[in-house]
Protein chains: 2
Amino acid sequence: MKHAPLIAQNHMRCADCPIRHKAVCAYCEPPELAKLDAIKSYKTYRAGETIVWAGQEVEVLGSVVSGVATLSRTLPDGRRQMVGLLLPSDFVGRPGRKLAPYDVVAANEVMICQFLKPDFEKLVSNTPALERRLLDMTLDELDAAREWMLLLGRKTAREKLASLLVIIARREAALNGTEIGDGLRFALPLTREAMSDYLGLTIETVSRQISALKKSGVIILEDARHIRVPDYIALLDEAGDDSDGGYIS
Amino acid sequence: MKHAPLIAQNHMRCADCPIRHKAVCAYCEPPELAKLDAIKSYKTYRAGETIVWAGQEVEVLGSVVSGVATLSRTLPDGRRQMVGLLLPSDFVGRPGRKLAPYDVVAANEVMICQFLKPDFEKLVSNTPALERRLLDMTLDELDAAREWMLLLGRKTAREKLASLLVIIARREAALNGTEIGDGLRFALPLTREAMSDYLGLTIETVSRQISALKKSGVIILEDARHIRVPDYIALLDEAGDDSDGGYIS
DNA sequence: TTCTGACCTTGATCGAGATCAAGCAAATAG
DNA sequence: CTATTTGCTTGATCTCGATCAAGGTCAGAA
């Protein structure tokens, strides 16, 4: 059986947010939900802006409403590795931890629906269903991280690029509620540099591999940031793992 | 503040297990704990034996009592990447998921204290403290996975080897309750092949980098499976990241 | 308009780690 | 006791992706 779609019907629907909050399910106690709804606030960040610095104290938790944010770790000499990619409806921040372990950076303009940490944590303590929901989300993130480890450790540059395109296509489709199939078209929400940080490559290699996939006809580059996939299965083949990447339930 | 030691005082102490169970804390309801204790059983696996096949249905959950087990993902053409390393007191299996997403393999002789999945899951549902404990453990695993991603994506072969030695030394010390310092001596619980799967390298490169670290005097190889570290700080330096790898609380 | 800087592409060359190959030591089997 | 296997090391060579370098395009500023 396939993984549940990213936006389940039972996720909390804010009055004003255009997304459903992955972290908060409709089975939470209504009075608590109402309280949460009352204390939420919105904040936007410009492209490139750092939302949280690694090591810094974090005072808020929330969900990405629009835009894309990245989690990354940096070595003292500047080598950087992305370790998480946050799309709309994804949860930001870690309940129960005071200091942030990674930089959180806006990849483009990002809007976040946020709650003060103490308020949210109090709600979590009082709401077992919410705690369970957080556990499930974290387990899914762990699976994604481990899939990513396979990519970083063992895939070729070409396979890495194809895998990233599959991941973006799949998440994009899930957000829009559309089916994945031939003729798929989507925007790349990441610069070449962000892609290289994601994949453990240099920007030059990213660029070359995109050109190579284009030359092979696996993708069509409408412009640098828009991709069309004439044959989705062909792209999956290029990604190396015959599993379609859907997690097993 | 540093991460709590791997074996906290409040973890459940089985009557007969020589370890404390990381997953189960002493704050769980005593009657439920007693019930769990009543249904536990032990099973041992030989070195190299597969404990769980990826894709297979899993019927048990439990803790590693002795030995070392690995989680790994394999590409269709045989390329393999280790994605998890389970030492004594670590939890095996995923509550709430029917099929295993990875192979679990015994790296050497492994003993597991296990519970039937339905029993354990029922206990989890009835015990909020246990659910919270599982969430914390999973978040820690996620942090470890992300640290590992940095290693796989951006570190050199030499840094990878040094990092692995630091990780093994630290976990070994935590298990024995000893301090990490100069003159540290420990056994490698992994073959060169398992190390190469962990680090995304070939066995030849692993062997060469160990030889290189030996030649530089960073480590002393007593024999192929026993390491002595004359200067722990020097080893940390070789690992590349100046953070000591302890997670931030 | 031109200038500037961000972002992307492509070419030439280099080098870290993979691959191919050989050999050694210790454990296990026959 | 010898033969085989498993795990480890080391050498020679190759190759993929990094590095160094140049140029192109486009948006926004002057």
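Just so you know, these numbers come straight off a predicted model, no measurement behind them. Per chain, numbering begins at 1; letters A, B, ... match sequence-line order.
Considering only residues two or more places apart in sequence or on other chains, Y45(A) meets the ring-ring contact (aromatic ring centres under 6.0 Å, His included) condition with none of them. Every residue meeting the side-chain contact (heavy atoms from CB on, under 4.5 Å) condition with V58(A), not counting sequence neighbours, appears here in chain and number order: V52(A), A100(A). Checked against side-chain contact (heavy atoms from CB on, under 4.5 Å), K155(B) has the following partners two or more places apart in sequence or in another chain: L75(A), L151(B), E159(B), K160(B), S163(B), D241(B). With sequence neighbours left out, the side-chain contact (heavy atoms from CB on, under 4.5 Å) criterion links T74(B) to R80(B), D103(B). Evaluation of the ring-ring contact (aromatic ring centres under 6.0 Å, His included) rule for F186(A) yields no partner, not counting sequence neighbours. Applying the ring-ring contact (aromatic ring centres under 6.0 Å, His included) test to Y102(B) and every residue at least two apart in sequence or in another chain returns nothing. With sequence neighbours left out, R225(B) forms a side-chain hydrogen bond (donor to acceptor under 3.5 Å, both in side chains) with no residue at all. Scanning for side-chain contact (heavy atoms from CB on, under 4.5 Å) contacts around V206(B) gives L161(B), R192(B), M195(B), S196(B), L201(B), I210(B), with sequence neighbours left out.
Residues D77(B) and R154(A) are not paired through a salt bridge, judged by the lack of any N-O separation under 4.0 Å between the basic side chain and the carboxylate. A salt bridge does not link D140(A) to K22(A): none of the charged nitrogens lies less than 4.0 Å from a carboxylate oxygen. Between E141(A) and R146(B), at least one side-chain N (NZ, or NE/NH1/NH2) sits under 4.0 Å from a carboxylate O, which counts as a salt bridge.
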Readout for nucleotides 17-27 of chain D: B = base within 4.0 Å of protein heavy atom, S = sugar-phosphate only, - = neither; 5' to 3' it is SSBB-------
Nucleotide-resolved protein contact map, nucleotides 23-30 of chain C, B/S/- at heavy-atom distance under 4.0 Å: --------
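A side-chain donor from one of R158(B) and S216(B) sits under 3.5 Å from a side-chain acceptor of the other.
Computed from coordinates, the L221(A) CG to dT10(C) C1' distance equals 14 Å when rounded to whole Å. Nucleotide dT6(D) holds its P atom 18 Å from the CG atom of N108(B), rounded to whole Å. Protein atom NZ of K214(B) is 11 Å distant from nucleotide atom C1' of dT10(D), rounded to whole Å. Distance CG (D77(B)) to C1' (dA18(C)): 14 Å, rounded to an integer number of Å. The CG-C1' distance, from L161(B) to dG17(C), rounds to 13 Å in whole Å. As rounded to whole Å, 12 Å separates atom C1' of dA18(C) from atom NZ of K160(B).
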What's the verdict on salt bridge (Lys or Arg N to Asp or Glu O under 4.0 Å) for R73(A) and D197(A), showing C-alpha distance, side-chain angles and the deciding distance? CA-CA 10 Å; R73(A) 289 274 284 132; D197(A) 285 342; over 6 Å; no
Which atoms of nucleotides 4-8 of chain C (N or O only) lie under 3.5 Å from a protein N or O atom, and what are those distances?
from, atom 1, to, atom 2, distance (Å)
dC8(C), OP1, R225(A), NH1, 3.4
dC8(C), OP2, R192(A), N, 2.9

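Axis angle between the ends of the helix from dT1(C)-dA30(D) to dG30(C)-dC1(D), five pairs each and rounded to 10 degrees, works out to 30°.
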